[in-house]
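What follows is a single structure, written as structure tokens, with notes after it.
Because the structure is a prediction, the values reported are computed rather than measured.
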Amino acid sequence: MKASFDEDFDVIVIGAGHAGCEAASAAARMGCHTALVTISLDMIGQMSCNPAVGGIAKGHLVREIDALGGIMGRVIDRTGIQFRLLNRSRGPAVQAPRAQADRALYRTEMRHVLEYTSNLNLRQGVVTDFVIEKGHVEGIELQDTRRLKAKAVILAAGTFLNGLIHNGRSTYTAGRAGEPASIELAESLKRLGFPVGRLKTGTPPRLDGRTIDWEAFEAQPADERPVPFSFLTESIEQPQVSCHIGYTNQEVHKLIQDNLHESPLYSGQIKGIGPRYCPSIEDKVVKFPEKTRHQLFLEPEGYDTYEVYLNGFSTSLPFELQQELVHEIRGLEETKLIRPGYAIEYDFVDPRELKHFLQTTRVQGLFFAGQINGTTGYEEAACQGLLAGINAALYIQGREGFTLRREESYIGVLIDDLITQGVDEPYRMFTSRAENRLSLRFDTSDARLSPYGKNLGLIEDTEWAKFSARRDRIARLRNILLETRFKRSDPEYQELARILQKDLGDSISLASISQLHEVDIPLIFNLLPSSFRSQTKLSDLETSIGDIIYHGYIRAQHQNNERISTQGDVQIPSDLQFNVVSGLSHEMVERLERIRPQTFAQASRIPGMTPGALTTLLFFLKSSKN
């Protein structure tokens, strides 16, 4: 073994997926001489599965990443081809941004951002081992015999650790289709004593858009007013495209049922546990036999390609059967498959091996981020990468580690869930996982987290000036909403009463008007004092109204959380059948039945138990006593 190192860095990041990109960017911008090492530089920021960012809870994570000074939100804003705000008709707390991406443009833009980051160096190679001295990481070894020295190493290997792809009965090692798995590095983790398990994920087939009968599908256009992910993005200027909605049918379902023996998921070939909330089409058909159809989304892969992603049809069935199944779907009778879907198994390490800073307890200076910690999804990986990059930099600078609390961020919820509960299936973020979700709206991420980003050095002075200006605008707006009142004699009052067909009392404030279900944002905007309208952004107005709407609810939520935290000694009857507890989801019942907790405190520590489920269970237990 060579005694010397070929290069010397402060921080080395292994893997250039969404976790690795955020980690490398953060460490470098915090002043550390950083190397990002990946098997292929051409695949930096690759969207291995769905070419999209955001969604319910996931969009919240991206906004929080951006508020801390991360880069995912900025990159998707420049490369998104369809922006939609989900749950627009519902309350602000459950709304979330989502964007379809041009897969190739996203990858190109992410590499561009990293290449122009000071202190950051890109290196291509296959990492095979860690260099460990007296329980401390000293560097890494590459397959080509290079040795790179570092004071801290972040492992963000995605699905590459002992990756095994399944297509029907055919299996082969790969990190993802067309790229080699990381076998030796996975074995080195086991030699170091890390408890390793297996998880599974999958991807659907990609279709030739030229062979699709588009008239058979319902068009899903982009929003007229796209909502960006980054607080620094003023507007989305690039052209927007439509996605399309379709459905499976009973013929598809019967064909799957008749060929389950060909599915590695049901033949016993796959041992890893798959994601509950992103099941394969085989899983959907087996577990929901009462459903006559399942929704599909036909999503374009980019501006300059005819490749289409068949969202909702993840499968590991043989290619010939995939083609046959696709042809049974209305509108796809003549469609050609460009790439078959597949399932992939990979190694992960029990995240309870980590400190809250994402540093391992077994090896000093070694950090884990992303799917190695049992999560699934680009956004979950990216926020871990950002925290790992921040803490690796703080570690080698001799500064106190950085954590986020559950009550102030979804990132804090995710990290705390992983570290304290571990995982028994791929972890995905949901708004229901957060006890304080009403105060964790996507549009308030900057107010909650940007001061941290500024203190860490990830938000520049010009960016901080924009944050401060937005904060001041929202504060002024809240005051105007609270102070502006209309009397019966005012023409605005009379017009509003006519529109709403109701009496509004002797007078009413603009803040109270904004809380009426029948009132929309444009109407509130038009009721603002005329001198204030020209300087008001609709996004600022939405945030101000959200603050007012949820003020009382948030106070009640805090009281409920405090009540739950003091009820740990409440006994659970040993013969209780949890399926009789009205309001508990099938998943929560399944977790409770498997563990059979004896006290409420034990129930609250079960991995995956949501605050809503715990509230429901506590109410049932208290009511049963009376």
So do the side chains of [X] and [Y] get within less than 4.5 Å of each other, counting heavy atoms only?
X: V349; Y: L161; answer: no
X: F83; Y: P228; answer: no
X: D347; Y: L189; answer: no
X: L440; Y: E407; answer: no
X: D10; Y: N119; answer: no
X: F130; Y: V363; answer: no
X: F231; Y: E463; answer: no
X: I71; Y: R29; answer: yes

Find the distance between [atom1] ([X]) and [atom2] ([Y]) and round it off to the nearest 0.5 Å.
X: I548; Y: T543; atom1: CD1; atom2: OG1; value: 11.5 Å
X: I236; Y: Q82; atom1: CD1; atom2: CD; value: 12.5 Å
X: N50; Y: Q100; atom1: CG; atom2: CD; value: 5.5 Å
X: T79; Y: R74; atom1: OG1; atom2: CZ; value: 14.0 Å
X: E224; Y: Q240; atom1: CD; atom2: CD; value: 12.0 Å

_Passing candidate, side chain to side chain donor-acceptor pair (under 3.5 Å) with D540, options R478, Q535, R473_ =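 By the side chain to side chain donor-acceptor pair (under 3.5 Å) criterion, D540 pairs with just one of R478, Q535, R473: R473.
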*For Q46, which of R107, R176, E179 qualifies under side chain to side chain donor-acceptor pair (under 3.5 Å)?*
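So the option named by the test is R107.
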Donor-acceptor pair, [X] side chain versus [Y] backbone, under 3.5 Å?
X: Q364; Y: G135; result: no
X: T117; Y: S25; result: no
X: Q359; Y: A392; result: no
X: T484; Y: I480; result: yes
X: R533; Y: N526; result: yes
X: D77; Y: S230; result: yes
X: Q238; Y: G80; result: yes
X: E22; Y: A382; result: no
X: D66; Y: V62; result: no
X: E301; Y: P51; result: no

Check [Y] with [X], please: is the shortest side-chain N to carboxylate O separation under 4.0 Å?
X: E380; Y: K58; value: yes
X: R406; Y: D417; value: yes
X: D42; Y: R111; value: yes
X: R225; Y: E542; value: yes
X: D446; Y: R471; value: no
X: E234; Y: K537; value: yes

*Between S445 and R448, does any side-chain donor sit less than 3.5 Å from a side-chain acceptor?*
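Present: a donor and an acceptor within the cut-off.
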*Kindly indicate, with the supporting measurements, whether the criterion side-chain hydrogen bond (donor to acceptor under 3.5 Å, both in side chains) is fulfilled by Y452 and E408.*
CA-CA 12 Å; Y452 292 129; E408 65 183 343; 2.8 Å; yes
*Where do D443 and R63 land on the salt bridge (charged side-chain N to carboxylate O under 4.0 Å, His left out) test, with the steps shown first?*
CA-CA 8 Å; D443 59 331; R63 273 293 184 102; over 6 Å; no
*Centre of Y427's six-membered ring, under 6.0 Å away, within 45 degrees of the axis: is that where NZ or CZ of R433 sits?*
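Yes, R433 sits over the ring of Y427.
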_Y395 and F357 aromatic centres sub-6.0 Å_ =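 Judged by ring-centre distance (under 6.0 Å), Y395 and F357 do not meet the cut-off.
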